[in-house]
Amino acid sequence: MSDLSLENEFSAMSATEAAARLIGCEIVRTIANQQLIGRIVETEAYDQGDPASHSYRGETPRNSVMFGPAGRLYVYFTYGMHYCMNVVVGPSGYGAAVLIRALEPVAGQNIMYLNRNISDPRQLLNGPAKLTQALAINKQFNGHNLAIAPLELKLNPVLANSDINWSRRIGIKEAPEDIRLWRASLKGSSYLSK
DNA sequence: CCGGTGATGCCCT
DNA sequence: GGGCATCACCGGT
């Protein structure tokens with residue numbers, strides 16, 4: 001029997017609400033009995049009504065996981081070499097997700113450095129494709145239930161609103177009306193993306 | 001520190 | 001065939 005708390009937690013939330021809720025929560029990746037742990041410090045909301053969202057034009061083979069149950073992982077491949085990971089949110093049939101943009105290293109850094117082939121702590125997890133490389137996450141995890149090892153999302157206590165900064169999204173060309181601030185980050189963190 | 005750019009393949013039109 | 005929810009490296013400042 002799988003843990004339904006993740007799905008329950010996120011199925012009734014909007015993408016922006018979930019983007020804030022995920023700040024401070026932890027990703028636990030188990031590889032060969034070792035745990036690689038990162039604390040989420042930066043996220044970005046992608047709603048179905050957003051022209052920049054993969055789900056905007058409806059369901060396709062690539063984005064179908066976004067339209068499934070909440071608490072699953074949507075992984076996509078981009079720029080010919082990078083993977084990005086999102087937490088699916090909202091009810092089944094509605095295409096919404098939250099991109100994980102940066103993590104703060106918590107445990108298992110030695111393996112993360114090997115996976116990344118770098119040595120600067122600030123460069124380890126501060127970008128959506130950097131963190132998937134560090135945690136060895138690829139398309140095999142597309143649709144994965146985050147309540148289950150070897151890749152789990154741990155819900156931490158809700159942070160105060162004053163702990164979260166909102167800003168414009170990064171790397172988005174479309175959505176000219178994007179006055180809203182859909183990028184959430186942990187205030188004061190030194191592990192944010194650029 | 002900053003901007004420019006090449007790498008590289010899949011998805012959708 | 002165009003474009004991409006990116007990254008690393010390079011050169012100029």
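Naming convention: chains lettered A, B, ... in sequence-line order (proteins, then strands); numbering from 1 in each chain.
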ask   = If pairs are Watson-Crick or G-U with both distances under 3.5 Å, what is the dot-bracket string of DNA chain B, marking crossing pairs with [ ] and pairs to another strand with |?
value = |||||||.||||.
Distance below 4.0 Å between A/Arg183 side-chain N/O and C/dA5 OP1 or OP2 =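 Answer is no, no contact under 4.0 Å.
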Take atom [atom1] of [X] and atom [atom2] of [N], then tell me their distance rounded to the nearest Å.
X        : N     : atom1 : atom2 : answer
A/Ile118 : C/dC7 : CD1   : P     : 11 Å
A/Tyr83  : C/dT6 : OH    : C1'   : 14 Å
A/Leu131 : C/dA5 : CG    : C1'   : 12 Å
A/Arg122 : C/dA8 : CZ    : P     : 16 Å
A/Tyr56  : C/dC4 : OH    : P     : 15 Å
A/Glu42  : C/dT6 : CD    : C1'   : 13 Å
A/Leu192 : C/dA5 : CG    : P     : 21 Å
A/Met85  : C/dT6 : CE    : P     : 15 Å

query = Is there a donor-acceptor pair closer than 3.5 Å between any side-chain N or O of A/Asp50 and the backbone N or O of A/Tyr46?
reply =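 No, A/Asp50 side chain to A/Tyr46 backbone: no donor-acceptor pair under 3.5 Å.
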ask   = Is there a donor-acceptor pair closer than 3.5 Å between any side-chain N or O of A/Glu59 and the backbone N or O of A/Phe67?
value =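 Checked: no pair found.
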request  = Please identify each residue that fulfils side chain to side chain contact (heavy atoms under 4.5 Å, CB included) with A/Ser14, with sequence neighbours left out.
outcome  =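 Here the qualifying residues are A/Thr16, A/Glu17.
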request  = For A/Ile118, enumerate each residue passing the side chain to side chain contact (heavy atoms under 4.5 Å, CB included) test, keeping only those at least two apart in sequence or located in another chain.
outcome  =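 For A/Ile118, the residues satisfying side chain to side chain contact (heavy atoms under 4.5 Å, CB included) (neighbours in sequence not counted) are A/Tyr113, A/Arg116, A/Gln123, A/Leu124.
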Residue list, side-chain hydrogen bond (donor to acceptor under 3.5 Å, both in side chains) with [X], at least two apart or on another chain:
X       : answer
A/Gln48 : none
A/Tyr94 : A/Asp47
A/His54 : A/Tyr74

key: salt bridge (Lys or Arg N to Asp or Glu O under 4.0 Å) partners of residues 126-146 of chain A, not counting sequence neighbours, each pair once   =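 Residue pairs with at least one partner in residues 126-146 of chain A: there are none.
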So which protein nitrogen or oxygen atoms get under 3.5 Å of nucleotides 10-13 of chain C's nitrogens or oxygens?
none

request  = Please list, chain by chain and in numerical order, all residues satisfying salt bridge (Lys or Arg N to Asp or Glu O under 4.0 Å) with A/Glu9, sequence neighbours excluded.
outcome  =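 In terms of salt bridge (Lys or Arg N to Asp or Glu O under 4.0 Å), with neighbours along the sequence ignored, A/Glu9 is linked to A/Arg21.
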inquiry  = Run the salt bridge (Lys or Arg N to Asp or Glu O under 4.0 Å) test against A/Lys187 and tell me which residues pass, sequence neighbours left out.
reply    =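 Applying salt bridge (Lys or Arg N to Asp or Glu O under 4.0 Å) to A/Lys187 gives none.
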inquiry  = By the ring-ring contact (aromatic ring centres under 6.0 Å, His included) test, which pairs, at least two apart or in different chains, include something from residues 124-163 of chain A?
reply    =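 Checked against ring-ring contact (aromatic ring centres under 6.0 Å, His included) - neighbours excluded - the pairs reaching residues 124-163 of chain A are A/Phe141-A/His144.
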Which atoms of nucleotides 6-13 of chain B (N or O only) lie under 3.5 Å from a protein N or O atom, and what are those distances?
from, atom 1, to, atom 2, distance (Å)
B/dT8, O2, A/Tyr79, O, 2.3
B/dC12, OP1, A/Thr60, OG1, 2.2

